[in-house]
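Just so we're clear, the structure is a prediction, and the values are computed from it rather than from any experiment. Counting begins at 1 with the first residue of the sequence.
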Amino acid sequence: MGAVPGDIDTDHQPPMTVPLRHFVVGLGLLLVGLLVAVGVALDVAGGYAVLSHVHLLLAGWVCLTIMGAMTQFVPVWSGTGLHSRRLSSVQLWLVTVGLVGFAGSLLGGYMAWIPAFGGVMLLGFWTFVYNMGRTLASVSAYDVTERHFGIALGFFLLVSTLGVVLAVGFVRPVFAGSSIGRANVLGAHATLAVFGAVLTTVLGALYQLAAMFTQTELHGIDVHLRRVEEVAYPSGVLLLALGRLLDAATVARVGGLLIVGSLLGFAVILGRRLHETRVERTPMLSRYAVVVPALTLWGLLTLPAWLGDPLAASALFGAPGTVHLLVLGVIGFVVLGTLYHVVPFIIWVHRYSDLLGYEAVPMIDDLYDDRLAAVDFLLLGGGTAVLVAADLLALPRDATAVGGGLVFVGALCFVANILQVIRIHSPHSIPGVLFDTLRTDSDPAREDAADPVEPN
């Protein structure tokens with residue numbers, strides 16, 4: 001694979017530590033979330049451990065990775081300056097402090113603190129939405145990726161707002177006397193989070209990344225499926241969330257049908273990109289290849305379940321027993337594959353790109369350990385397969401423990417490989433990535449142009 005794709009304008013990227021900071025914190029939350037899951041499996045985690053585990057993985061690892069990736073690639077893809085580098089650091093620490101406090105309060109049973117930490121998280125997500133919204137607003141015309149990102153920002157606003165309402169509901173009777181109960185708000189919140197904020201971002205990014213790194217283009221049926229998805233998918237998310245909020249089964253059923261149909265169509269697009277590529281298989285593409293069958297199986301199982309009862313608590317994330325298929329097999333492998341390129345890419349551009357032609361430099365895919373990447377792929381893939389089989393076939397609890405163990409060890413290998421890239425090749429140490437000020441890696445000549453004055 002070439003060092004930098006030809007249509008990428010790296011002059012507009014933010015300082016290296018800005019996205020890397022998000023990724024490193026996200027990886028830490030991934031491991032903490034998996035440790036909580038181990039505690040749940042062993043019956044040693046108290047409080048609302050499952051809820052804590054879900055938020056550490058989705059609001060923590062996945063959403064912080066999305067925030068870091070958008071901060072890096074919206075300016076690069078769109079050829080515009082990031083609205084504010086300072087806000088990109090503020091958003092990270094607000095979300096992190098809020099999430100850690102929120103998850104810790106759930107585990108320890110400190111319910112009185114949950115609304116406060118939920119409010120801090122909300123401020124972090126709203127800061128991110130404002131910063132990226134202002135960045136996108138400077139773009140004159142939007143492509144498919146930018147349109148998806150803009151819609152995803154709207155979902156981030158909605159899901160964080162409902163999240164705070166739910167957090168307050170732990171200590172105040174906010175749903176008393178209302179026709180809309182806590183379960184309704186929870187269903188809408190989960191729908192907007194997973195299918196709205198997260199998967200809308202994933203779809204938008206994959207339209208760009210899958211074509212770019214397979215060196216193929218959308219054509220034929222791909223174009224028609226993309227046009228349908230751009231309208232049907234966000235409409236479906238809103239309808240499913242609204243139907244669950246108002247307890248309107250028909251509305252939710254239509255929304256679920258639009259979501260499943262759109263995602264099955266996207267599986268066709270992604271599968272065709274991977275089939276038509278002639279480039280060498282990389283950890284990024286190998287993990288994207290897992291997404292196609294996982295998304296297809298999830299859609300085929302979920303379609304009859306949501307047509308039957310889209311309001312059922314057991315069908316919150318799809319057909320009963322498909323939560324690991326969606327969260328690990330689809331979302332997880334997209335994030336894993338993307339990080340295997342994004343982290344080395346950012347470091348390569350800052351560390352080696354100026355040396356190209358003057359001395360021998362490694363390529364992007366030379367920065368990580370191929371053997372360790374192969375090991376984590378086998379462990380994570382095998383662990384996910386065992387968890388999915390245990391869910392769908394009602395296997396004994398030991399099978400779930402084995403699958404969870406494989407995923408945990410695979411995640412350790414993945415994190416070690418990514419951190420090794422930063423430790424060996426980055427001009428900043430890992431503590432430096434986390435805590436150095438922006439002045440250590442920003443270009444003073446471009447600082448004023450790329451970072452407008454903060455509004456009062």
Side-chain angles (χ1 to χ4, degrees), residues 1-8 62 65-66 69 73 77 143-145 148 198-230 233 260-302 322 324-345 363-365 368 370 373-385 388 410 414 417:
M1 181 184 295
V4 183
D7 57 352
I8 288 292
V62 173
T65 299
I66 285 174
F73 283 108
W77 281 330
D143 64 14
V144 61
T145 295
H148 277 78
V198 173
L199 275 173
T200 303
T201 306
V202 165
L203 296 178
L206 285 179
Y207 275 118
Q208 183 81 249
L209 295 172
M212 181 185 301
F213 294 106
T214 59
Q215 296 182 16
T216 63
E217 295 182 359
L218 271 63
H219 62 91
I221 192 175
D222 303 327
V223 177
H224 300 296
L225 290 172
R226 187 204 70 197
R227 289 172 179 164
V228 171
E229 179 275 323
E230 282 202 75
Y233 186 76
V260 172
S262 298
L263 291 178
L264 287 175
F266 185 80
V268 172
I269 295 173
L270 181 58
R272 280 166 54 85
R273 298 304 96 238
L274 294 168
H275 174 71
E276 293 177 8
T277 186
R278 295 296 179 266
V279 303
E280 183 180 351
R281 189 61 55 129
T282 64
M284 182 186 201
L285 296 184
S286 297
R287 283 147 186 81
Y288 286 178
V290 173
V291 174
V292 176
L295 187 56
T296 302
L297 179 59
W298 175 88
L300 294 176
L301 292 173
T302 297
T322 61
H324 287 112
L325 187 61
L326 179 67
V327 175
L328 284 177
V330 178
I331 296 172
F333 273 86
V334 168
V335 175
L336 293 166
T338 302
L339 283 175
Y340 256 123
H341 183 83
V342 170
V343 173
F345 168 82
M363 293 292 96
I364 292 173
D365 292 322
Y368 52 76
D370 287 327
V375 170
D376 84 55
F377 179 72
L378 290 175
L379 289 170
L380 287 163
T384 300
V388 171
F414 168 75
N417 210 356

**Message:** Using side-chain heavy atoms (C-beta onward) and a distance below 4.5 Å, is Asp365 in contact with Asp370?
**Reply:** no
**Request:** Compare all side-chain heavy atoms of Val260 with those of Trp298 and state whether any distance is below 4.5 angstrom.
**Result:** yes
**Request:** On the 0 to 90° scale, with breaks at 30° and 60°, tag the His148-Tyr207 ring pair as parallel, tilted or perpendicular.
**Result:** tilted
**Request:** Determine which pairs satisfy salt bridge (Lys or Arg N to Asp or Glu O under 4.0 Å) with at least one residue from residues 214-224, sequence neighbours left out, and list them in order.
**Result:** Asp222-Arg272, Asp222-Arg273
**Complete:** dist Glu229:CD -> Leu264:CG (nearest 0.5 Å) comes out at 12.0 Å
**Message:** For the CG atom of Leu263 and the OG1 atom of Thr302, what is their distance to the nearest 0.5 Å?
**Reply:** 9.5 Å
**Request:** Could you tell me which residues satisfy side-chain contact (heavy atoms from CB on, under 4.5 Å) with Asp143, sequence neighbours excluded, listed by chain and number?
**Result:** Thr145, Glu146, Gln208
**Request:** List the steps and the verdict of side chain to side chain contact (heavy atoms under 4.5 Å, CB included) for Thr282 and His341.
**Result:** CA-CA 9 Å; Thr282 64; His341 183 83; over 6 Å; no
**Request:** May I ask you to check whether over 12 heavy atoms, not counting those of Leu300, lie within 6.0 Å of atom CG?
**Result:** yes
**Asked** Of the non-hydrogen atoms in Leu339 and Thr65, which two are nearest, and what is the gap between them?
**Response** CD2-CG2, 3.9 Å
**Side chains of Tyr340 and Asp376 in contact at under 4.5 Å (non-hydrogen atoms)** = yes
**Prompt:** What distance separates Leu301 CG from Leu325 CG, expressed to the nearest 0.5 Å?
**Reply:** 7.0 Å
**Asked** How long is the span from the CG atom in Leu326 to the CG atom in Leu297, to the nearest 0.5 Å?
**Response** 11.0 Å
**Item:** Flag side-chain contact, heavy atom, 4.5 Å: Val144 against Glu230
**Value:** yes
**Asked** Taking the side chain as C-beta and beyond, is there a heavy-atom pair between Tyr368 and Val343 under 4.5 Å?
**Response** no
**Message:** Taking the side chain as everything from C-beta on, heavy atoms only, tell me whether Val290 gets closer than 4.5 Å to Thr384.
**Reply:** no
**Request:** Carefully, step by step, assess Tyr288 and Leu209 under the rule side chain to side chain contact (heavy atoms under 4.5 Å, CB included).
**Result:** CA-CA 10 Å; Tyr288 286 178; Leu209 295 172; 3.5 Å; yes
**Asked** Arg281 side chain to Val279 main-chain N or O, any donor-acceptor pair under 3.5 Å?
**Response** no
**Asked** Nearest 0.5 Å, what's the CG-CD1 distance between Leu336 and Ile331?
**Response** 11.5 Å
**Request:** For Phe213 and Phe345, run ring pair (Phe, Tyr, Trp, His ring centres under 6.0 Å): C-alpha distance rounded to whole Å, both residues' side-chain angles, the deciding distance at 0.1 Å, then the answer.
**Result:** CA-CA 12 Å; Phe213 294 106; Phe345 168 82; 7.9 Å; no
**Fill in**
Rounded to the nearest 0.5 Å, the CD atom of Glu276 sits from the CG atom of Leu218 at a distance of 9.0 Å
**Message:** In terms of relative ring orientation, are Phe333 and Phe377 parallel, tilted or perpendicular, with 30° and 60° separating the classes?
**Reply:** perpendicular
**Message:** Give me the atom names and distance for the closest heavy-atom approach of Ala267 to Leu295.
**Reply:** CB-CD2, 4.1 Å
**Request:** Check for a donor-acceptor pair, side chain of Thr214 on one end and backbone N or O of Thr277 on the other, with a separation under 3.5 Å.
**Result:** no
